[in-house]
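When a ligand or atom number is given, it counts from 1 through the structure's own listing order. Along the sequence shown, the residues carry numbers beginning at 1. Heavy-atom basis, side chains included; hydrogens, waters and symmetry copies ignored.
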Amino acid sequence: MISFNRVARRHTDEWATWVPSPFPINRSMLKNVKLATLAALRGSGIFRLVAKSRWRQQRLLILCYHGTSLEDEHLWRPGLYMQPQKLEQRLEFLKKGGYSVLPLDDALQRLRAETLPRLSVVITFDDGTYDFYQQAFPRLKSYGFPATVYQTTYYTLCERPIFNLVCSYMLWKRQGQVITNSAEIGLKEPLDLRTEAGRHKVVRGLIEAAEAEDLTGPEKDDLATRLAHFLKIDYACIKAKRILQLMNARELQEVARNGFDVELHTHRHRTPGEERLFRREIEDNRTHIRELTGTEPVHFCYPQGVYRPAFLPWLQEESVASATTCDAGLATRESESLLLPRFVDNQNRTQIEFESWVTGVGDLLAFRRAAPQTYVPGRS
Ligand SMILES: [Zn+2]
């Protein structure tokens with residue numbers, strides 16, 4: 001029996017717009033306590049014991065990644081991005097520790113059949129960004145690790161930076177400033193870029209302006225170009241480096257040709273509350289992936305980690321075999337296939353936190369299971 005304590009759960013990262021926590025000091029104190037506890041447990045051999053246990057062998061850890069920085073994206077959004085060296089460190093740990101990195105479909109079948117090898121792990125990347133192609137893909141190949149890419153397809157075809165993310169990124173580049181002549185870019189209030197909350201408000205204003213005028217992807221990109229000009233940022237350079245863009249058709253084909261799974265993440269990175277629109281997102285996404293890669297995607301990942309009870313029968317109708325959330329946990333044989341937990345790894349995670357989750361200790365301690373509710377949904 002699945003219990004839904006909340007109507008919807010939202011992941012901290014992804015394409016949403018960030019709302020800062022009002023309690024940074026308490027969070028930092030808790031984090032220190034948690035890290036000290038983990039260090040004591042690792043020092044006393046508990047990590048090794050749990051890793052070797054039958055309990056761990058009956059469980060599957062699904063790792064969730066998003067972006068790997070091309071430049072400084074991890075400084076802008078550390079919950080979404082990670083430095084390439086940090087990703088390398090994780091992969092090295094999995095290799096040296098003798099972890100069994102499995103393809104998603106194989107791992108789920110073996111989880112049900114109770115034939116998982118020891119220390120089984122699945123690696124997933126959400127969104128299918130260009131930086132995945134540039135940074136993660138070659139590293140995964142060199143380690144011989146399989147991975148699943150949950151590919152959203154609108155910006156794969158549009159081939160421009162993701163509008164709300166690139167606006168947020170450029171405003172972050174000008175943090176500390178207050179700009180008064182905002183009417184030049186069609187905004188009513190001055191741009192207060194001194195705080196995350198102030199920058200968030202500006203991004204919301206730009207998204208609302210784009211929605212009010214029903215702008216297309218290319219038109220939104222024109223608005224981002226005007227914002228860049230207004231902020232005196234070289235937008236052509238950001239575009240040329242492919243920062244905050246998705247893989248294009250050719251890159252996605254290459255990833256699929258190399259044996260990586262390309263799976264469902266909705267066409268426009270959204271999960272409408274109406275069945276017809278929700279299912280259209282899945283169908284459009286599936287059609288484009290099928291056309292681009294020649295494969296048939298059957299696994300799904302909830303954009304922003306948002307899920308509602310109503311989504312499950314809709315996914316079943318669409319013949320979706322599994323769906324992953326961003327709630328922390330190890331999957332068991334009893335886990336609901338359409339609500340599989342994952343551990344979200346990012347720049348904010350320390351190496352010892354990562355190790356606690358791959359060994360299984362993190363799940364036993366379960367400092368925090370459900371993804372926090374500090375983000376509000378954005379639009380692609
Ligand atoms: Zn996503």
Can you name the N, O or S atom of D127 that is closest to the Zn ion (ligand 1)? OD1
Side-chain ion pair, K173 and D72, N-O less than 4.0 Å: yes
Suppose we only count N/O/S atoms under 2.8 Å; would H66 qualify as near the Zn ion (ligand 1)? no
With a cut-off of 2.8 Å, does any N, O or S atom of C301 fall short of it relative to the Zn ion (ligand 1)? no
OH-OG1 distance between Y150 and T124, expressed to the nearest 0.5 angstrom: 5.5 Å
Any donor-acceptor pair under 3.5 Å linking the side-chain atoms of D131 with those of T129? yes
Under 3.5 Å, is there a donor-acceptor pair between the H265 and D126 side chains? no
